[in-house]
Chemist: 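Here it is, the structure in full.
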Amino acid sequence: MMRSLAVQLTLLAALCGAAAAGDQGQRLRLGYLDDPGSALVLAAGTRGHFAHEGLSVTLVRYTRPTDLLQALGSGTIEAGTLPAEEALRAVSAGNELRIIAGGGTSKGTEELLKELAPALPAQLRAREIVTVGADTLDKTTAIRTVAALIRSHVDLSHHEPATWQLIGRKLTQVPEAGSLRFDPNPDFYRFEALWDELKLQRPGMSSDHLARHLDEEVYCDALDRLLDAGDLDDPVLRQLSHRAVCIPDCCPSNSGKLITLQGGVTP
Amino acid sequence: MKRVLGAVMLLSVLATSALAANLPKLRVGYIAEPAHGLYYVAKEKGYFKEEGVDVELFQFGSAAEGVAAVKAGKLDVGTFGTTAPLLFISKGSDFTFIGGMMINGQAIITRPERVAELSGKDLKVFKGKKIGIVKLSTGDVVFKGALKKAGIDYKKEVTYVEFGTPAAVVEAVKKGAVDAGLVWPPHFSLAEKNSGLKVAHYISEFYPNYTCCRIFAPTDRVKADPDTYRKFLTALIRAYRFYRTNESETVGIYTRNLKIDEDIIRNETYTKRISESNPDPLRKGILDFWQHILEAGYVPRDYPVERYINTELYKQALDSVVKKNPNDKIYKEMLTFYRNNN
């Protein structure tokens with residue numbers, strides 16, 4: 001009797017645990033660099049965007065890109081934020097990283113670019129903070145992560161001072177509102193320019209090496225996820241969708257189904 | 001006697017299987033467009049095996065996933081539109097266009113009360129109008145190309161509203177959120193039947209023989225085994241002839257395998273000839289398409305895509321078929337079409 005009760009209690013506890021884990025969502029350990037450019041990630045944590053996307057994210061602070069890269073390599077974290085230059089150099093060196101989202105850059109960069117270009121473009125663009133995923137990061141989790149970052153971008157576009165107030169305690173330096181620009185799009189052509197300027201294409205490297213490490217498909221899927229969800233009907237989101245170069249959702253998605261004149265797609 | 005017959009049949013089956021087992025294999029990916037049935041004609045009529053290639057077909061639900069499968073080495077041939085392979089090539093993927101599967105096929109739909117206004121023979125009727133599009137779809141790219149050819153500054157004189165799917169475009173037209181929408185087969189047939197919308201134009205009226213879905217393959221595999229790819233194209237050329245001369249059986253094959261309503265297939269493929277299943281590589285069409293993508297500002301820099309088009313394999317395949325059938329009218333037409341478009 002006692003034994004049976006114990007078994008039942010164990011089973012109940014296990015079920016409760018499973019339910020709790022289910023409620024918490026897919027677990028992800030995400031490292032962030034102590035840099036204002038990491039704001040999309042921090043805002044996604046404090047504003048509940050990760051949870052909204054069904055993720056249970058543990059944010060881990062790093063002060064040096066090398067430590068974050070090492071943590072990615074050892075599997076301590078599955079994703080993280082890095083300056084674009086460090087991320088691209090790691091990709092060029094053969095690390096199995098994927099850039100899944102862009103991030104924040106000092107606005108001064110843009111102004112300087114206008115004044116100095118093409119004198120210093122590589123050094124300036126290289127400071128952009130991007131989000132990278134390790135090769136262990138599965139596609140579904142990556143899409144949800146990027147969807148949360150896009151939600152942060154929309155937030156920052158509309159409520160920047162309030163967002164900085166929320167995330168400021170996680171950063172050593174909090175910039176003035178309006179001094180950073182954010183772009184979650186891991187746009188191939190933007191990073192290709194930096195890749196070329198830094199001369200990162202090495203002899204013997206396949207011509208699509210950079211493209212294989214820039215996951216625009218995840219970004220496009222994340223945009224689709226938000227547009228389909230319909231709970232974020234926002235001009236900022238529509239602008240992101242307009243600028244993204246995504247392969248169209250071509251052709252009837254009717255695998256295994258019959259398209260009929262009478263009722264659209266039927267099983 | 002029965003036993004002898006049975007044994008002969010068994011031997012024949014075994015011999016066929018053994019033959020197939022020895023043939024070079026090609027894994028071919030495609031999407032279920034109404035005009036993508038040549039693969040099944042070639043398979044069901046036995047052309048692939050007769051030409052000496054064992055083809056396995058894989059249907060995909062999206063072009064992006066299909067191209068990714070080619071890139072990952074899981075497919076030897078892909079048929080996933082024109083935009084997708086061009087974008088991948090422009091980002092360094094080493095694919096080569098070797099043939100085609102579909103020409104034309106895009107339509108402009110509107111509400112019935114707007115048809116008279118929008119169906120004039122001049123594209124200028126679209127000036128000042130709001131058009132629903134799926135960005136970078138074939139319809140979007142070639143419509144802008146057609147507007148440019150007509151001397152219309154399409155960036156200033158036409159407003160585009162982007163949607164994620166053709167179904168969303170249809171819904172926007174239906175609600176009046178846009179004046180017209182650009183969709184592809186079978187969505188305009190579905191829109192006419194289910195939503196009461198009308199086709200104002202087929203884009204081919206203004207832009208004949210534009211490229212739709214192209215056949216491409218990893219360049220290293222084409223270079224390593226051109227003979228197998230040539231045999232593959234030869235089978236498709238023979239399938240095209242069958243498609244042109246056997247309507248009823250072709251409609252059956254397309255319907256059965258693509259799982260698309262027979263009326264849609266018959267109407268779009270034969271009755272109205274909105275799209276054509278044609279294996280020609282259409283080199284000029286691919287280059288035009290790329291220019292339209294650049295001019296529309298979707299891609300910020302040019303790329304030498306002409307280096308990634310191989311018309312030779314198709315020409316050799318066509319020549320071999322013509323040589324065997326010197327008086328065949330369809331093959332002669334294909335040769336003329338090739339000369340005009342490559």
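Lettering of chains follows the sequences in order, A, B, ..., and the numbering in each one begins at 1. This is a predicted model, so every value here is computed, not measured.
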Chemist: Check I247(A) against A63(B) and note the closest heavy-atom contact, atom names and distance.
Modeler: CG2-CB, 4.0 Å

Chemist: Pick one of side chain, backbone, both or neither for E216(A), based on which atoms fall under 4.5 Å of a heavy atom in chain B.
Modeler: side chain

Chemist: Can you tell me if NZ on K43(B) sees more than 12 non-hydrogen neighbours from other groups inside 6.0 Å?
Modeler: yes

Chemist: Where does F88(B) contact chain A at under 4.5 Å (heavy atoms): side chain, backbone, both or neither?
Modeler: side chain

Chemist: Within the 4.5 Å heavy-atom criterion, are D94(B) and D208(A) side-chain neighbours or not?
Modeler: no

Chemist: Search all heavy atoms of V245(A) against all heavy atoms of Y298(B) and return the closest pair with its distance.
Modeler: CG2-O, 3.2 Å

Chemist: Among the options V299(B), T83(B), V183(B), pick out the one with the most heavy-atom pairs lying under 4.5 Å from chain A.
Modeler: V299(B)

Chemist: More than 12 foreign heavy atoms under 6.0 Å from CZ of R307(B): is that the case here?
Modeler: no

Chemist: Just checking K74(B): does its NZ atom have more than 12 heavy atoms from other residues, nucleotides or ligands closer to it than 6.0 angstrom?
Modeler: no

Chemist: Is C220(A) close to chain B through its backbone or its side chain, or both, or neither, when contacts mean heavy atoms under 4.5 Å?
Modeler: neither

Chemist: Roughly how far, to the nearest 0.5 Å, is CZ of F163(B) from OG of S241(A)?
Modeler: 11.0 Å

Chemist: Can a donor-acceptor pair be found, under 3.5 Å and without considering hydrogens, that links the side chain of K135(B) to the backbone of H242(A)?
Modeler: yes

Chemist: Could you tell me whether E192(A) and R301(B) have a side-chain N and a carboxylate O separated by less than 4.0 Å?
Modeler: yes

Chemist: Taking all non-hydrogen atoms of both residues into account, name the closest pair between P248(A) and V134(B) and its distance.
Modeler: CB-CG1, 3.8 Å

Chemist: Counting only heavy atoms closer than 4.5 Å, note whether T165(B) contacts chain A via side chain, backbone, both or neither.
Modeler: side chain

Chemist: What's the separation between atom CG in D220(B) and atom OG in S206(A), rounded to the nearest 0.5 Å?
Modeler: 11.0 Å

Chemist: Taking E162(B) first and then R238(A), would you say they form a salt bridge - that is, a charged N and a carboxylate O separated by under 4.0 Å?
Modeler: no

